[in-house]
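Here is the structure we will look at.
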Amino acid sequence: MCHSDFPMPEDFPNFLPNHKYFEYIRLYADHFKLVKYIKLKTSVCRLEKHTDFPVNGQWLVTTESNGVKKTDIFDAVMVCTGQHAKPAMHLENIPGIDMFRGKVLHCREYKRPIGFDGQQVLIIGMGNTGVDIATELCTKASQVYLSCKTGVWVLQRLGKEGLPYDLGFIRRSVSWIHNIMPPAVSRWMLKKYMNDQFNHDLYNIQPEGVAWREPLVNEELPSCIMSGSIMIKQQVKKFTETSVHFEDGSVVENLDIVILATGYDYSFPFLDESIIKKDENKGSFYKKIIPLRIEKPTLAFIAFVLPIGPAMVVGELQSRWATRLFKGLHKLPDPVGMRKEMQRDEQRRKKWFGASENNFRRTDYVSYMDDLASDIGVSLNIWKLFLTDPVLAWKVVFGPCNSFHFRLTGPGKWDGAREAIMTQWDRIAKPLSTRVVKKKIKLNFLSFTPWILCVGVLLLAICLQG
């Protein structure tokens, strides 16, 4: 069921200049003849079980379009409404905020740095959104303060050789290394990598404790802190009518604006609360997809997960997993087996992130993808691949893990998957090739290293087979 009830801003063309995103969606829908199945300007009002749900697993979906409501019966439902639905302001946890005379808004209300000239601005929360707003506003406001409770790791968008940073760590080889090493060593290596970019402790933002915190991505923050246009402050202690007091005893007077970058709560107002029980510690979803304690597994939540990697790629594989489940081509384990799997997930989260509390939706990207792929028969036999196609195997192990890896074999196999993997670096470089120059051919021994290793692995595999 498609839920499209999000109005576009009136000045959309200026908001996203030359953006072709929705044109691409329209062309994609036309190509695959999906338009007739998409209901625009339609709100999902209610999703409830059919009276015979324990038998047929069907759902009653009530929608509203142009003021007219209707109810349809569906054999299965996939909820793809996202996780960032309801702003989490938690004003009751901020002493004195109701006394503050200035302006208070959630980061969701922030659109552009207009109306902030000469203002003193406090941003509470140091996630991606809070830091992005801070680095943008500091060019307009007289002073920007950034309140952080526990610190945060900061990554630059560009990594080695100027490539997108995530291409370096969403690899099977990196995932294997981190899973094999003791957790303390793995976290030490990650922290060292972060501090090699700049000393987080010097900038007063290094996270405390052993729990691993997901890094944010921003290039401008260190230079803004160094220049003084952004000042890092401790947790807020209280507000007065015109000032804010922090836990370290410092005070900022004549504060004008407070922006709460305090995240979001997930919300499914169209669902009965008995279907989903919020539990960020143990978890409420098997494989982070199917709600627990449901009689028939005909309801799936897609991309309701926080991977250390691209969520869209995860969402695609989750969709394939769910549709095969709906069709009866994949079976769930019994309740005992599901509980054991949930306990293993809890242990893995404790290993990866240093704790299993308040992080049920978090997961290791590659491990989670391989787990889903194994369930539906699209996982790769890496060692066999080194025997049959060592060049491709090298790309799969030491290159970025993407959706093409799970189209090489099994149900949904795509003949173009191998070519897509082999040419992915060409597509990454293509947008940068706006100035064509004649390139000199460089012969470097290191460039032959992957081929030498491939031949070595192939010979070893042949010897073992013999």
Side-chain angles (χ1 to χ4, degrees), residues 1-8 25 28-29 32-87 264-280 282-305 311-312 314-335 338-339 342 360-361 372 375-376:
M1 188 67 190
C2 176
H3 181 172
S4 179
D5 190 36
F6 303 100
M8 298 306 301
I25 291 179
Y28 180 89
F32 289 99
K33 297 179 174 58
L34 300 175
V35 175
K36 63 181 179 179
Y37 300 109
I38 299 174
K39 307 297 181 185
L40 299 176
K41 296 182 179 179
T42 301
S43 300
V44 177
C45 304
R46 189 70 178 165
L47 175 62
E48 53 192 341
K49 297 176 181 178
H50 192 278
T51 52
D52 293 328
F53 182 82
V55 177
N56 57 31
Q58 291 181 328
W59 295 89
L60 302 176
V61 181
T62 302
T63 59
E64 182 177 356
S65 179
N66 297 321
V68 179
K69 289 186 177 182
K70 73 168 188 172
T71 300
D72 296 292
I73 299 176
F74 289 86
D75 295 321
V77 174
M78 299 169 75
V79 178
C80 313
T81 53
Q83 307 172 67
H84 304 141
K86 183 181 178 182
Y264 296 83
D265 284 332
Y266 57 88
S267 176
F268 307 106
F270 48 84
L271 267 175
D272 190 278
E273 293 183 359
S274 63
I275 296 175
I276 299 178
K277 179 183 177 182
K278 286 189 177 182
D279 185 350
E280 284 295 289
K282 299 292 184 180
S284 308
F285 300 86
Y286 176 69
K287 298 285 186 178
K288 309 187 191 298
I289 302 174
I290 302 296
L292 299 175
R293 297 175 297 275
I294 193 171
E295 301 96 321
K296 292 285 186 179
T298 55
L299 177 64
F301 288 76
I302 304 302
F304 191 63
V305 63
M312 290 181 290
V314 173
E316 191 231 1
L317 192 58
Q318 284 182 325
S319 299
R320 295 173 64 189
W321 186 94
T323 52
R324 291 189 65 79
L325 178 66
F326 295 159
K327 292 178 180 178
L329 301 175
H330 167 58
K331 302 294 184 181
L332 296 183
D334 59 30
M338 292 176 70
R339 280 196 297 272
M342 299 290 285
F360 166 70
R361 286 173 288 160
L372 293 181
D375 283 348
I376 60 175

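Put simply, the residue from K327, K296, H50, Q58 that forms a side chain to side chain donor-acceptor pair (under 3.5 Å) with D75 is Q58.
Separation of atoms CD1 (I73) and CG (D52) is listed at 9.5 Å; rounding is to 0.5 Å. From L271, atom CG reaches atom NZ of K49 across 10.0 Å, with rounding to the nearest 0.5 Å. Residue T51 holds its OG1 atom at 7.0 Å from CG of L60, rounded to the nearest 0.5 Å. Note that CZ of R293 is 6.5 Å distant from OG of S284, once rounded to the nearest 0.5 Å. Atom CD1 of I302 and atom CE of M312 lie 15.0 Å apart (nearest 0.5 Å). Note: K39 NZ to T63 OG1 = 9.0 Å, rounded to the nearest 0.5 Å.
For the pair L325 and D375, the minimum side-chain heavy-atom distance is 4.5 Å or more. Residues I275 and F268 are not in side-chain contact: their nearest non-hydrogen atoms beyond the backbone lie 4.5 Å or more apart. The side-chain heavy atoms of I290 and L299, taken from C-beta on, include no pair separated by under 4.5 Å. The shortest side-chain heavy-atom distance between D272 and E48 does not fall under the 4.5 Å cut-off.
Nearest approach of A303 to Q83, heavy atoms of both residues: O-NE2, 3.1 Å. Between Q318 and K287 the shortest heavy-atom distance is NE2-O, 4.4 Å. Heavy-atom minimum distance, P291 versus I294: O-CG2, 3.2 Å. The minimum heavy-atom distance linking R46 with P269 is given by the pair NH1-O, 4.3 Å. Taking every heavy atom of both residues into account, M78 and F326 meet most closely at CG-CE1, 3.6 Å. When every heavy atom of V44 is checked against every heavy atom of F270, the shortest pair comes out as O-CB, 3.9 Å.
Relative ring orientation between W59 and F53 is described as perpendicular, the plane-to-plane angle rising above 60° on a 0-90° scale split at 30° and 60°.
Between the side chain of S319 and the main chain of L317, no donor-acceptor pair closer than 3.5 Å is present. A donor-acceptor pair under 3.5 Å is formed between the side chain of T298 and the backbone N or O of G57.
Aromatic ring centres of F301 and Y266 lie farther apart than the 6.0 Å criterion allows.
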